[in-house]
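First up is the structure itself, then whatever we jot down about it.
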Amino acid sequence: LYIIVFQKIHLNINQGTTNVQFHTLFAINKENTIMDLGLKGKNVLITAASRGLGKATALKFALEGANVSICSQSQQVLKAKAEIESLCKGKILAFQKDIRNANAIKEFVENTAEVLGSLDIVVFNCGGPPIGNFSDIKIEQWEQSLNDVILSAIHLIQESLPITDI
């Protein structure tokens with residue numbers, strides 16, 4: 001029997017910015033041995049990973065020995081790649097892609113496959129509606145956000161399935 005320990009996520013929302021601290025996830029049994037999560041050498045693709053939960057997820061996979069491919073619409077993705085590489089030994093790829101665009105998703109998956117071959121894990125992470133008070137967000141903005149999220153996830157799944165080992 002292993003106990004899964006997810007130490008802490010600290011979420012600080014301050015004037016429209018979100019700061020996330022992600023701490024260790026591990027599993028331990030009564031003999032105090034840490035469970036190998038089996039991620040070493042796995043190929044992982046993560047969207048919207050230049051900061052926040054996406055970046056923290058990418059870092060955790062990389063710390064576990066996975067090869068990680070990340071994207072973001074922001075150039076910050078290159079900084080995130082460098083930070084993750086400074087802490088980990090696996091392959092870290094980074095692409096500036098806006099996942100709201102189906103062609104960008106296709107390119108992201110293809111670029112990743114060219115280097116890593118197949119995918120073992122796909123993590124869909126994305127933004128949401130505009131930051132603001134709930135009552136100030138217009139229904140059109142909600143509809144656009146839902147459309148972006150759902151269609152992006154569908155496109156990512158469709159593009160990723162042919163190169164997964166399932």
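Side chain of Thr47 to backbone of Asn125: a donor-acceptor contact under 3.5 angstrom is found. Not one N or O on the side chain of Asn43 forms a donor-acceptor pair closer than 3.5 Å with the backbone of Asn67. Side-chain atoms of Gln73 never come within 3.5 Å of backbone atoms of Lys97 as a donor-acceptor pair (strictly under, hydrogens ignored). Although no hydrogens or angles enter the test, the distance criterion places a donor-acceptor pair under 3.5 Å between the side chain of Ser152 and the main chain of Ile99.
Of all heavy-atom pairs between Val149 and Phe124, the closest is O-CZ, 3.5 Å. Contact record, Ala58 with Ile70: CB-CG2, 3.6 Å, taken as the closest heavy-atom pair. The heavy-atom pair separating Ala80 from Ser50 by the smallest distance is CB-O, 3.7 Å.
Judged as a salt bridge (Lys or Arg N to Asp or Glu O under 4.0 Å), and not counting sequence neighbours, Lys42 has no contacts. Every side-chain contact (heavy atoms from CB on, under 4.5 Å) that Asp136 has, sequence neighbours left out, goes to Asn133. Annotation: side-chain contact (heavy atoms from CB on, under 4.5 Å) contacts of Ile121 (sequence neighbours excluded): Leu39, Val44, Phe61, Val123. Here Ser69 pairs with Leu93, Phe95, Phe108, Thr112, Leu116 under the side-chain contact (heavy atoms from CB on, under 4.5 Å) rule; sequence neighbours left out.
With rounding to the nearest 0.5 Å, the separation of CD1 in Ile105 from CD1 in Ile157 is 10.0 Å. Atom-to-atom distance recorded for Ile163:CD1 and Asp120:CG is 10.0 Å, nearest 0.5 angstrom. Note that CD of Glu114 and CG of Asn111 are 5.5 Å apart. Values are rounded to the nearest 0.5 Å. Within the model, atoms CG of Asn101 and NZ of Lys106 stand 12.5 Å from one another, a figure rounded to the nearest 0.5 Å. The distance from the CG atom of Leu59 to the CD atom of Glu64 is 10.5 Å, given to the nearest 0.5 Å. In this structure, the separation between CD on Glu159 and CD on Glu110 is 6.5 Å, given to the nearest 0.5 Å.
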Using distance only, find each side-chain donor-acceptor pair of residues 82-90 under 3.5 Å and give its atom names and separation, not counting sequence neighbours.
from	atom 1	to	atom 2	distance (Å)
Glu83	OE1	Lys55	NZ	2.1
Glu85	OE1	Lys81	NZ	3.4
Glu85	OE2	Lys81	NZ	2.8
Ser86	OG	Glu83	O	2.7

Would you give me the side-chain donor-acceptor pairs under 3.5 Å for residues 137-145, sequence neighbours excluded?
from	atom 1	to	atom 2	distance (Å)
Gln141	OE1	Lys138	N	2.8
Gln144	NE2	Asp148	OD1	2.7
Ser145	OG	Gly128	O	3.4

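Put simply, Val109 and Val115 are part of the same group of oily side chains (I, L, V, M, F, W, Y) that touch within less than 4.5 Å, one to the next.
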